[in-house]
Amino acid sequence: MEELDADDEEEDQVLPDLPGAEDVDQVRMRLAPNPNGPWHLGNARMPAVIGTYKELYDGWMLCRFDDTDPETKRPDLDAYDAIIDAIEYLGFAPDEIVRASDRLEIYYDHARELIDLGGAYTCSCPADQFSDLKNHGKACDHRDKDAETVRSEFDAMVDGEYDAGEMVLRVKTDIEHKNPALRDWVGFRMIDTPHPREAAAEYRCWPLLDFQSGVDDHLTGITHIIRGIDLQDSAKKQRFLYEYFGWEYPEVIHWGHVQLDEYDVALSTSTIKELVESGELDGWDDPRAPTIASLRRRGIRGEAIVDAMIELGTSASNVDLAMSAIYSHNRDLIDDETDRAFLVRDGDEHGGGAVERALRGGPDAGHPPVHPEHEDRGRREIPVEDGVLVEATDLPPEGERVWLKGYGCVRHTSDGFEYVGADLDVTREEDVDIVHWVPAADNVPVRLRTMDGDVDGYGEPGVGSYDAGEMLQFERVGFVRVDAAPTDAVERAVTYYAHN
RNA sequence: GCUCCGAUAGUGUAGUCCGGCCAAUCAUAUUGCCCUCUCGAGGCAAUGACCGGGGUUCAAAUCCCCGUCGGAGCACCA
């Protein structure tokens, strides 16, 4: 029997068809992160799009750490796991994980083969000198060396007999190519600094991305490369390599840069790293950091990020991703299952500060629903005791009434609030506002951490019983993730603001 | 300077390859109304775009040319 699992979710496939997908047995793609730090939000596009294509085409996905630069973009040993973790949080799992720094011998073998094919030469020109020649379409003397000499000099590179800057292996392309970027590019160079991974610490001769990635893509049977526009010329460089080896170059899609609104911090691993190290950010998960860890801590689901990334498509133009798109998807995902609670904010910025008013004449407690659309989930119990706190801007002028949500209508007098047994209709017909409140005594101090700084306030008693990781909606404030529940030692709950 | 890429409402996107059904899709955003014991959700409505100029054609968002603007590469970074 055919299974009838048909998720009738008729998903309006947002991503464009993958070119050439029908011509291959299996769509094989790779994520090729540089593990030089934890991921920022822009990095999420790679797994979001590639992972979604994998699902769409029943394909295969490799995660290959392109960690071949022990110096300038030095790998961060914690980033390898942090990146895998981020991919999983986004809802994807690589079929295989490799590190380029484990594969040096493979690159060396291919370099030797390329040398024998006459496709590469060792070159000791200083960089600026070669650049000068190249820009004028002129070859250097090293270009005509015989394969024998090149072989032995390359072996000497591998053996670490040169210092950084003394010798490189160039791939012979077309020194007069009309695009200067493609002329005889460097395939291998010497680096004195040991790689941070112990297994790779002895190597001194390192391939550059165009060589390493080109070889690996072929060896791992990649059929589709999807990456940023900054690597546009890379495909053109690598085609020379593929031609020497008689390989077929994969389909390639280049997308533009992503920018985010709402953040002051640039979407750049090195910038964020500096701010974290200098202490300007509390860490990679600081709410002000445009990182995956930050959104995660705020309770934004990976799926919401993926949905928003997918909507960007794969166009080559630069795009501005609106955080509101992520928030909107997240709200869709969590609204139905998130419990409601009251938070009265203190401080001038929001609500004008918490103000206390005595309350008399009414019931002992308010009972607003846990979720307005799900009466079956029960009602909260919020005692009023001797008084309540409301936000100053919610306080009506003396003599006027206000509706304490889940409790009832009260009149503001010089003595505080006086309960008036009114019908809910007054909120509709007589302009009585409905406001949130908490008991003046039996409440839970709450810190709300936001992109714009911390806000302190008071939560209703039940807030204290939520565990770290759970979501709440503070009514009329927004959705938050409980980051730390109150303990015997610390009576305050810490929450992170997600969105309204 | 050389080479390459891109340009549809505030944002993202569909349509562009194979010109007409596009007085331009959908989402988000903003605003208003309805509904609701939240400023959430839901419903309805409004706002809002084919970068400019030429050309081809009966007909151009779509094809051609010239500009303009934006981006990328020209590294012994990825």
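First the proteins, then the strands, lettered A, B, ... as listed; each starts at 1.
- Of the listed nucleotides (B:rU38, B:rG6, B:rC4), B:rC4 has the atom at the smallest distance from the side chain of A:K178.
- Rounded to an integer number of Å, the gap from A:Y327 OH to B:rG40 P is 16 Å.
- Proximity of the aromatic rings of A:F211 and A:F188 is defined here by a centroid distance below 6.0 angstrom, and this criterion is met.
- Here A:S328 lies in heavy-atom contact (under 4.0 Å) with sugar-phosphate atoms only.
- Spacing between B:rG70 and B:rC51 at atom C1', rounded to whole Å, works out to 11 Å.
- Across all strands shown, B:rG10 pairs with B:rU28; the Watson-Crick or G-U wobble distances both stay below 3.5 Å.
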Along nucleotides 66-78 of chain B, 5' to 3', which nucleotides get a B, which get an S, and which get a -, given that the test is a protein heavy-atom distance under 4.0 Å? -----BSBBSBBB
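- Ionic pairing of A:D339 and A:R380 is not present here: no N-O contact between side-chain nitrogen and carboxylate oxygen is shorter than 4.0 angstrom.
- Across the strands present, B:rC21 finds no partner; the criterion is a Watson-Crick or G-U wobble pair with both atom distances under 3.5 angstrom.
- Across B:rA60 and B:rA24, the matching C1' atoms stand 13 Å from one another, rounded to whole Å.
- Taking the C1' atoms as reference points, B:rC50 lies 33 Å from B:rG42, given to the whole Å.
- Mapped onto RNA chain B by nearest heavy atom, A:A316 and A:L424 fall at different nucleotides, with A:A316 at the one closer to the 5' end.
- With both ends at atom C1', the span from B:rU47 to B:rG20 equals 29 Å, rounded to whole Å.
- A:F479 comes within 4.0 angstrom of the backbone, heavy atoms only, and of no base.
- In this structure, B:rA41 makes no Watson-Crick or G-U wobble pair, since no nucleotide meets both defining distances under 3.5 angstrom.
- At least one side-chain heavy atom of A:F240 sits under 4.5 Å from a side-chain heavy atom of A:H177.
- Across all strands shown, B:rA49 forms no Watson-Crick or G-U wobble pair with both distances under 3.5 Å.
- When the C1' atom is used for both B:rU68 and B:rA29, the distance is 29 Å, rounded to whole Å.
- Across all strands shown, the partner of B:rG1 is B:rC74, judged by Watson-Crick or G-U wobble contacts whose two distances both fall under 3.5 Å.
- Nucleotide B:rU36 forms a pair with no other nucleotide shown, judged by Watson-Crick or G-U wobble geometry with both contacts under 3.5 Å.
- Ring geometry for A:F479 versus A:H499: interplanar angle of 30 to 60°, hence tilted.
- As judged by a 4.0 angstrom heavy-atom cut-off over every strand, A:R227 is placed among residues making no nucleic acid contact.
- Taking the six-membered ring where the residue is Trp, A:H218 and A:Y242 present perpendicular rings, their angle passing 60° and hence far from 30°.
- Pairing for B:rU16 is absent, with no Watson-Crick or G-U wobble pair whose two atom distances lie under 3.5 Å.
- Remark: C1' of B:rC39 and CG of A:L448 are 15 Å apart, rounded to the nearest angstrom.
- Distance CH2 (A:W403) to C1' (B:rU36): 14 Å, rounded to an integer number of Å.
- Residue A:I253 contributes atom CD1, which lies 15 Å from atom C1' of B:rC5 at whole-angstrom precision.
- Each of A:T68, A:D216, A:L169, A:I106 was scored for a side chain to side chain contact (heavy atoms under 4.5 Å, CB included) with A:P207, with one residue passing: A:T68.
- Counting only residues at least two apart or in different chains, side chain to side chain donor-acceptor pair (under 3.5 Å) contacts with residues 152-174 of chain A comprise A:R112-A:D155, A:T122-A:E153, A:K145-A:E153, A:T173-A:D184.
- With P as the reference atom, B:rC63 and B:rC2 are 27 Å apart, rounded to whole Å.
- On the P atoms, B:rG6 is 23 Å away from B:rG10, given to the nearest whole Å.
- Taking a cutoff of 4.0 Å between a charged side-chain nitrogen and a carboxylate oxygen, A:R411 and A:E418 do not qualify as a salt bridge.
- Across the protein-nucleic acid pair, A:E375 atom CD and B:rC37 atom P stand 11 Å apart, rounded to whole Å.
- Proximity of A:P368 to A:R340: side-chain heavy atoms (C-beta onward) are nowhere separated by under 4.5 Å.
- Of the two residues contacting RNA chain B, namely A:L321 and A:D394, the nearest-nucleotide position lying further toward the 5' end is that of A:L321.
- Nucleotide B:rC37 holds its P atom 17 Å from the CD1 atom of A:I382, rounded to whole Å.
- For the pair A:H136 NE2 and B:rC2 C1', the computed distance is 11 Å after rounding to whole Å.
- In this structure, A:R345 is not positioned above the aromatic face of A:F474 in the sense of NZ or CZ being under 6.0 Å from the six-membered ring centre and within 45° of the axis.
- Across all strands shown, B:rU56 forms no Watson-Crick or G-U wobble pair with both distances under 3.5 Å.
- Looking at heavy-atom distances under 4.0 Å, A:P372 makes contact with a base.
- Residue-level contact check: A:R340 touches the bases, meaning some heavy atom is under 4.0 Å from a base atom.
- Within the 4.0 angstrom heavy-atom criterion, base atoms lie near A:E373.
- When the C1' atom of B:rU25 is taken as reference, atom CD of A:E311 falls 14 Å away, rounded to whole Å.
- Comparing the C1' positions of B:rA59 and B:rA14 gives an interatomic distance of 22 Å, to the nearest angstrom.
- For A:Q473 against B:rU38, a side-chain N or O and a base N or O form a donor-acceptor pair under 3.5 Å.
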